[in-house]
Amino acid sequence: MATITTDTLEGTINGTVSYHYDVFADVLYLRLIDQMETPSIGEETDDGMIELRTEDSNRLIGITIVSWWKRFGHGALPDSISEIQKRIEPLAQKVAA
Amino acid sequence: MSDRTLVDPLGRQLILSDSGWFGHILKRHPEMRLLRGLVEQAVEQPLQICFSTSDANCRLYYGAGPGRGMMVVVVGDVTAGLVRTAYKTPRTKGVVEWQQ
């Protein structure tokens, strides 16, 4: 029997924010869709998020969250993708705001 | 390129995997393209290591960056022995664990 491992979950939220979840490393990447290739610089906040901002205008274009499920999830990662999306959505609001 | 085992100044090993680098870090932090060497150096010869506020097991390895006023930061899980992510930053932040 084949062993299937999912190591990435990826999608969009409201057509404005793209998410990419590294399952193995438990890192959630959020980024504005129209800023995917924009060079950014990061800084870790006091609450443990990495805010990504443009170098020229300091505009917030993304957030990277290390240990996302460990910190914001409950129990094992759910089987349902919609369940996972529900947990991602509030964090996506921070980028889209 | 292949998976690399990096050893920090405190003797801790962190693996930077190809799948992690190409499959995740570069996909979502494209500005890190061409900076893999600096990322590895940041772990092995950091300027400073700080505790991360994201996870008690994680450290921020600050290393020389691609230009003046810019550093590379590697988020390393010293318990799992894994590089979690990396990005560029103009300044260090956090409680210092080790300094050059």
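Heavy-atom basis, side chains included; hydrogens, waters and symmetry copies ignored. Keep in mind that this is a model prediction, so the values were computed, not measured. So that the names make sense, note that chain A is the first sequence line, chain B the second, and so on, each numbered from 1.
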Discussion item. If hydrophobic clusters are built from ILVMFWY residues whose side chains come within less than 4.5 Å, do A:L91 and A:V17 share one?
Written reply: yes
### Task
Look at the side-chain heavy atoms of Ile, Leu, Val, Met, Phe, Trp and Tyr, link any pair under 4.5 Å apart, and say whether B:L16 and B:V7 land in one connected group.
no
Applying a strict under-4.5 Å side-chain criterion to I, L, V, M, F, W and Y, I'd like to know whether A:V23 and A:I63 cluster together. yes
Under 4.0 Å between a Lys/Arg side-chain N and an Asp/Glu carboxylate O for A:E51 and B:K93? no
Under 4.5 Å to a heavy atom of chain B? For A:S18 that would be both
* To do: Return yes if a side-chain donor-acceptor contact under 3.5 Å exists between B:E31 and A:S40, otherwise no.
  => yes
Cut-off 4.5 Å, heavy atoms of chain B, and the answer for A:V66 is both
Whatever's closer than 4.5 Å to a heavy atom in chain A on B:N57 counts as side chain
To the nearest 0.5 Å, atom OH of A:Y29 lies from atom NZ of B:K27 at 11.5 Å
Turns out that what part of A:L52 lies under 4.5 Å from chain B's heavy atoms comes down to side chain
*Heavy-atom count around A:K70 NZ within 6.0 Å, excluding the residue itself: above 12?*
yes
**Study point:** Whether B:T53 side chain and A:G48 backbone form a donor-acceptor pair below 3.5 Å
**Key:** yes
Under a 4.5 Å side-chain heavy-atom rule over Ile, Leu, Val, Met, Phe, Trp and Tyr, are B:M71 and A:I41 clustered together?
no
Applying a strict 4.5 Å limit to non-hydrogen atoms, the region of A:S67 in contact with chain B is both
Comparing B:H24, B:R91, B:H29, B:K88 against chain A, the one with the most heavy-atom pairs below 4.5 Å turns out to be B:H24
Checked A:L30, A:D47, A:T45, A:I65 vs chain B; the most non-hydrogen pairs under 4.5 Å come from A:T45
Cluster question for you: counting only ILVMFWY and a side-chain heavy-atom cut-off of under 4.5 Å, with indirect links fine, are B:L6 and B:I49 together?
yes
Applying a strict 4.5 Å limit to non-hydrogen atoms, the region of B:L60 in contact with chain A is side chain
Separation between CD (A:E44) and OG (B:S54), nearest 0.5 Å, reads 5.0 Å
Whatever's closer than 4.5 Å to a heavy atom in chain A on B:M32 counts as neither
Here the gap from B:Y87 atom OH to A:I50 atom CD1, rounded to the nearest 0.5 Å, amounts to 4.5 Å
- Message: For the CZ atom on B:F51, are there more than 12 heavy atoms of other groups (residues, nucleotides or ligands in this structure) within a distance under 6.0 Å?
- Response: yes
- Query: Does the B:R84 side chain pair with the main chain of A:V27, one donor and one acceptor, at a distance under 3.5 Å?
  - Reply: no
